[in-house]
Amino acid sequence: MALLGTVGVAALLPARGAAADVADAGATGAVALLFFLYGARLSARETLDGLRHWRLHLTVLGCTFLLFPLLGLAARGLVPTLLTPPLYAGLLFLCLVPSTIQSSIAFTSIARGNVPAAICAGSFSSLAGIALTPLLAAALLGADAGGFSPGSLAGIVVQLLLPFLLGQVLRRRIAAFLARHKKVLGLVDRGSILLVVYTAFSAGMAAGIWHQVSLPRLGALLLVEAVLLAVMLLASWYGAGRLGFDRADRIAIQFAGSKKSLAAGLPMASVLFGAQASLAVLPLMLFHQMQLMVCAALARHRARDAEGDPERDADGDPERDAGRDPERDAGRDPDPAPAPAVPQRAPGHVAEVSPTPQHPAARAR
């Protein structure tokens, strides 16, 4: 709601002239602050500990930076019938953005998945995205994303990389401060993102680029993104199953590998796209809202599945004990040594243990 409200304010009261310069400077500082906080919060020790589950992390990175971009490139065939070139550039940029951290952890926890793996996978994706997203954007979008001109490269280094590295260096000194003021810093995060959104959409209003987006085009964009999200949810879930991951890991892979980070994507778009950032971030904003609603419902569904099956073990798969397999246990005694409190029965005698009628096949045995 705050994002939609910010877009509305930018449409009604866009920053112009000196106000636009102040907003641009504020957005630049906000981007640097965001990536400084990312670096200060990301524990290098936790990240290194997570390397033990390297197959899961490589799978998530493959979904985020390989399968997503391939689907984005395939969507080029929708131009110009469904998408305009600027909207397609924004859609392709969406496919290059790293995964989320907070929502991946939250949904994995709700669905009773592997939460530590989701934490590490989201952290790895965010860390890799600082380098991979600008590189992939320059290679796949070319001039639309500013290429590798000296100005854009300097902007990436100054606004993204250096603040992140500074946060990593100062993490030990300021970790206690960040923990004490977690709620306030959360508001700073959201405020910084809203400032970036306001600046980008104000620039779009001043340039008059919103006349390029009609309601039918917007509806087509929503339809394309719904298909993209559905494909990634299915591919990450069933692909992880084919790779041999258990249910808990599959949940972490599905939620970490199918989502995109608005918090990381917006600042990067403002650096890479410049004046065209408003249209570039529109697909990302819409996809972000869609993925939250869909994944929230999916996480509750996974949780109900786990509660409804009493024979699921910790990883969510059916118990593999011999006593739980009716095919293997058809000819086995239930217990070779009965408990002392239970009287011995003659062979073939069936004791009444519940008022529930027995199946004819059981009585025959």
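Sequential numbering from 1 along the given sequence is applied to the chain's residues. Worth knowing before you read on, the calculation uses all heavy atoms, side chains too, and leaves out hydrogens, waters and symmetry mates.
Classification of the F124-H57 ring pair by plane angle, with boundaries at 30° and 60°, yields perpendicular. The aromatic rings of F107 and F255 are tilted relative to each other, their planes meeting at an angle between 30° and 60°.
In the hydrophobic cluster analysis, where Ile, Leu, Val, Met, Phe, Trp and Tyr join through side-chain heavy atoms closer than 4.5 angstrom, V22 is grouped apart from L195. Linking ILVMFWY side-chain heavy atoms closer than 4.5 Å, directly or via other members, places L66 and W54 in two distinct hydrophobic clusters. The cluster map of Ile, Leu, Val, Met, Phe, Trp and Tyr, joined by side-chain heavy atoms under 4.5 Å apart, puts V184 and I174 in different clusters. L284 and Y198 end up in different hydrophobic clusters when Ile, Leu, Val, Met, Phe, Trp and Tyr side chains are linked at under 4.5 Å. L222 and V224 fall within the same hydrophobic cluster, where Ile, Leu, Val, Met, Phe, Trp and Tyr residues are linked whenever their side-chain heavy atoms come under 4.5 Å apart, directly or through other members.
L262 places a side-chain heavy atom less than 4.5 Å from the side chain of M285. D305 is listed as a side-chain neighbour of R247, based on a closest heavy-atom distance under 4.5 Å. Taking the side chain as every heavy atom from C-beta outward, V7 and L282 never approach each other to under 4.5 Å. You'll find the side chain of Q291 stays beyond 4.5 Å of the side chain of S258, heavy atoms only. At a threshold of 4.5 Å between non-hydrogen side-chain atoms, the residues F68 and L94 do not count as touching. Put simply, the side chain of L37 does not reach to within 4.5 Å of the side chain of S192, judged on heavy atoms. Contact of the L140 side chain with the F93 side chain is not registered, since no non-hydrogen atoms from C-beta on lie closer than 4.5 Å. Residues K259 and C295 form a side-chain contact, since some pair of their non-hydrogen atoms from C-beta on lies under 4.5 Å apart.
In this structure, F245 CZ and I253 CD1 are separated by 4.0 Å, a value rounded to the nearest 0.5 Å. Separation of atoms CG (L78) and CG (L91) is listed at 8.0 Å; rounding is to 0.5 Å. With rounding to the nearest 0.5 angstrom, the CG atom of L229 is 10.0 Å from the CE atom of M293. A distance of 6.0 Å separates OG1 in T199 from CG in D24, rounded to the nearest 0.5 Å. If you take CG on L61 and CG on L132, they are separated by 8.0 Å, rounding to the nearest 0.5 Å. Considering CH2 of W237 and CZ of R242, their distance stands at 15.0 Å, rounded to 0.5 Å.
In this structure, K260 fails the cation-pi test against F287, since its NZ or CZ atom is not both closer than 6.0 Å to the six-membered ring centre and inside 45 degrees of the ring normal.
The nearest pair of heavy atoms linking A240 to R250 is CB-CG, 3.8 Å. Contact record, A117 with H53: CB-CD2, 4.3 Å, taken as the closest heavy-atom pair. Closest heavy-atom contact between P69 and L92: O-CD1, 4.3 Å. Taking every heavy atom of both residues into account, I130 and M268 meet most closely at CA-CE, 3.9 Å. For the residue pair R300 and I110, the shortest heavy atom distance occurs at N-CG2, 4.2 Å. Here the closest heavy-atom approach between residue A252 and residue T108 is recorded as CA-OG1, 3.9 Å.
Looking only at distances, no side-chain donor or acceptor of S125 sits under 3.5 Å from a matching main-chain atom of A121. When atom types are taken as modelled, the side chain of Q254 and the backbone of L233 share a donor-acceptor pair closer than 3.5 angstrom. Checked by atom type and distance alone, the side chain of T133 pairs as donor or acceptor with a backbone atom of L96 at under 3.5 Å. Without hydrogens or angle criteria, Y88 side chain to G77 main chain gives no donor-acceptor distance under 3.5 Å. At distances below 3.5 Å, not a single donor-acceptor pair connects side-chain atoms of T64 with backbone N or O atoms of S99. S109 contributes no side-chain N or O that, together with a main-chain N or O of A106, makes up a donor-acceptor pair within less than 3.5 Å. Between the side chain of T6 and the backbone N or O of A2 there is at least one donor-acceptor pair closer than 3.5 Å. At distances below 3.5 Å, at least one donor-acceptor pair connects side-chain atoms of R55 with backbone N or O atoms of L243. A donor-acceptor pair under 3.5 Å is absent between the side-chain atoms of R112 and the main chain of A303, judged by distance alone.
Other residues, nucleotides and ligands place no more than 12 heavy atoms under 6.0 Å from the CG atom of L215.
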| said: Checking L286 against L218 for the side chain to side chain contact (heavy atoms under 4.5 Å, CB included) test, could you report, in this order, the C-alpha distance in whole Å, the side-chain angles of both residues, the deciding distance, and whether it holds? | reply: CA-CA 10 Å; L286 296 176; L218 194 59; 3.9 Å; yes
